[in-house]
Amino acid sequence: MSEHLEHDAAPEQIDLTQEDVSLGERAWPVYNLAKIAGFVGIIGGVLLGYFLDRDHTFRRFYFAYLVSWAFFLSIALGALIFVLLQHLTRAGWSVSVRRSAEGLAMTLPILFALSAPVVVSVLIGHGDLYRWAQPISHRADTMHGEGDSASAHDVAEKQGAAGAHQGTQGAPPKDASRVPPLDELTLKKRPMLNPWFFTVRIIFYFAAWSGIAIWYWRRSAEQDRTGAIELTERMQERSAPALVIMGITITFAAFDLLMSLDPHWFSTMMGLYYLVGCILAAFAALILCLGMLQKLGYLQRSVTIEHYHDLGKWLFGFVFFWGYIAFSQYMLIWYANIPEETGWLARRGASTAMEHLHPPDGSGPLNRWTIVSIVLLFGKFIIPFIGLMSRHVKRRRGMLMFWAAWVLVFHWVDLFWVIMPELDIDWRTEISHVHFGAVEILCFLGVGGIFMATYLRFLAKNSLRPLHDPRIHESVIFQNI
């Protein structure tokens, strides 16, 4: 993607001492504002989610919270992968921008704390977020004979019939259950999908991620103080096994956090789908963070248009790669046509069946999830693919920041499309309803505020770039061709 060209000045003649690389106390006003916004957003989301939910449960809050939490988690995970890749490849061009990625990765410990609502929703056993988290006693009624567990659809049909009977007596019809009882297929997955094992896995994932992030940050910060070259060698040596750990844990975390929202559905590509989204989101966030720091007067000498050009190429490449993964998952599910798989896409409007594109009677507007699917196709793949194709765009900081922000917006839409259809399903028709409003906005503000406050705290206490990395001058003279 790039190479290093001859430079008129020798590396030792390039003066970086005059560059402002310390955010210091100037970060605290924004840090305090972000922290306040975070707490207000989360508390407001909890309260509003409870009162707006038709059953007065926390289901709306849980789902809205999971979308935003998974979004910011993806940025942190992608940033950590970026740091590890630079050490693995012994890259010189990225030294100037690596500290910002280290800062994004260092939000992982606080994101572990922010996983509390997700874990609590599982441990309390109501099944409000993950329906498999209900107690074993919440089995579906035996409807086809002794010992045969009813499916969610069968339970919904039975409840719908009961509701219709109530309607004839003057009472309003009863909706199909939003959290159907455990059916036979879900119970077969109980060894994996049970509350305590799920909690242990979440703790293990974050212990691994946070441990790697903290270890690399401490070595990098120690090098700022001592200038010891052997620290770079140690980070390079451990990058390969760390990347293997990241790949495995992110894959299984995607299965647990996203795929298991529908315990009937399975896709071996879901882990890669989320992992590619993590890397894409991290490059977009890194471009925005560096751009904002430079607009404020920092990193004026060590970060050049050449770095933005390379970051833009990575962003463009992963936009295309995400499109390839998304199409591959859709194509394989469509071709196999297995009911447990196709229902997941049908609820998201990605179906040619009329009952999923339109209301059951064939009339009325398109399913709103179909509209979201089309918007996602154009917004996260086709439009940014065309927009980022030009070399000119990648070498204009303002234009590249625009596309980075665009990609992040539609990355959030992507996670919204993956998660929210499981919130409100009519199990008789398996059609899901779209919910977006103040609860989702407050949850984004809450998680995002705490995420930003943590990132700013890191930048305020550390240099904005590595000070004594042996390849820092190689990064400064780096050029694209």
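Just so you know, these numbers come straight off a predicted model, no measurement behind them.
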Exercise. Could you please spell out the steps behind the side-chain contact (heavy atoms from CB on, under 4.5 Å) verdict for L129 and L261?
Key: CA-CA 7 Å; L129 181 57; L261 287 165; 4.0 Å; yes

Practice problem: Test R98 against E102 for salt bridge (Lys or Arg N to Asp or Glu O under 4.0 Å), laying out the working first. | Solution: CA-CA 6 Å; R98 201 181 65 221; E102 290 172 353; 3.3 Å; yes

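Within the cation-pi definition used here (under 6.0 Å to the ring centroid, within 45° of the axis), K394 does not qualify as a partner of Y308. Geometrically, R219 engages W215 in a cation-pi contact, judged by NZ or CZ lying under 6.0 Å from the ring centre and within 45° of the ring axis.
Here the shortest heavy-atom pairing between V407 and L280 reads CG1-CG, 3.7 Å. The minimum heavy-atom distance between G379 and P384, with the atom names listed, is O-CD, 3.2 Å. Scanning both residues, A133 and P195, for their nearest heavy atoms gives O-CG, 3.9 Å. Taking all atoms of both residues into account, the shortest heavy-atom contact from A64 to M420 is N-SD, 4.0 Å. Closest of all the heavy-atom pairs between S96 and R465 is O-CB, 3.8 Å.
The ring of F266 has its center no closer than 6.0 angstrom to the ring center of W344. Taking the six-membered ring for Trp and the full ring otherwise, F82 and F283 have centroids separated by under 6.0 Å. A ring-centre distance under 6.0 Å is found for W412 and F416. Residues F318 and W322 place their aromatic rings such that the two centres sit no closer than 6.0 Å. Note: Y130 and F198 meet the aromatic proximity criterion, with ring centroids under 6.0 Å apart.
Side-chain polar atoms of W334 and T342 form no donor-acceptor pair below 3.5 angstrom. With hydrogens and angles left out, the side-chain atoms of H468 and T226 include no donor and acceptor closer than 3.5 Å. For the 3.5 Å distance criterion, the side chains of E341 and S267 fail to qualify, holding no donor opposite an acceptor. Between W69 and S115, the side chains place no donor N or O within less than 3.5 Å of an acceptor N or O (distance only, hydrogens not considered). A donor-acceptor pair shorter than 3.5 Å can be found between the side chains of Y273 and D414. Side-chain contact, N462 with W217: a donor N or O sits under 3.5 Å from an acceptor N or O. Using modelled atom types and a 3.5 Å distance limit, the side chains of R99 and S463 yield no donor-acceptor pair.
Sorted by first and then second residue, the side-chain hydrogen bond (donor to acceptor under 3.5 Å, both in side chains) pairs with a member in residues 436-446 read R60-E440; sequence neighbours excluded.
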Pairs of donor and acceptor atoms involving the side chains of residues 239-248, under 3.5 Å and at least two apart or interchain, shall be tabulated with distances.
from, atom 1, to, atom 2, distance (Å)
S239, OG, L88, N, 3.4
S239, OG, Q236, O, 2.7

N/O donor-acceptor pairs under 3.5 Å from side chains in residues 444-457, not counting sequence neighbours:
from, atom 1, to, atom 2, distance (Å)
T454, OG1, I450, O, 2.8

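Between F63 and D128, every side-chain heavy-atom pair lies at or beyond the 4.5 Å cut-off. Looking only at side-chain heavy atoms (C-beta outward), M270 and W265 come within less than 4.5 Å of each other.
Partners of L296 according to the side chain to side chain contact (heavy atoms under 4.5 Å, CB included) rule, which considers only residues two or more places apart in sequence or in another chain, are Y298. In this structure Y62 satisfies the side chain to side chain donor-acceptor pair (under 3.5 Å) test with no other residue, sequence neighbours excluded. The side chain to side chain donor-acceptor pair (under 3.5 Å) check on Q86 picks up S94, with sequence neighbours excluded.
Using cut-offs of 30° and 60° on the angle between ring planes, the pair Y324 and F321 is parallel. The aromatic rings of F381 and F385 lie tilted to each other, with the angle between the two planes from 30° to 60°.
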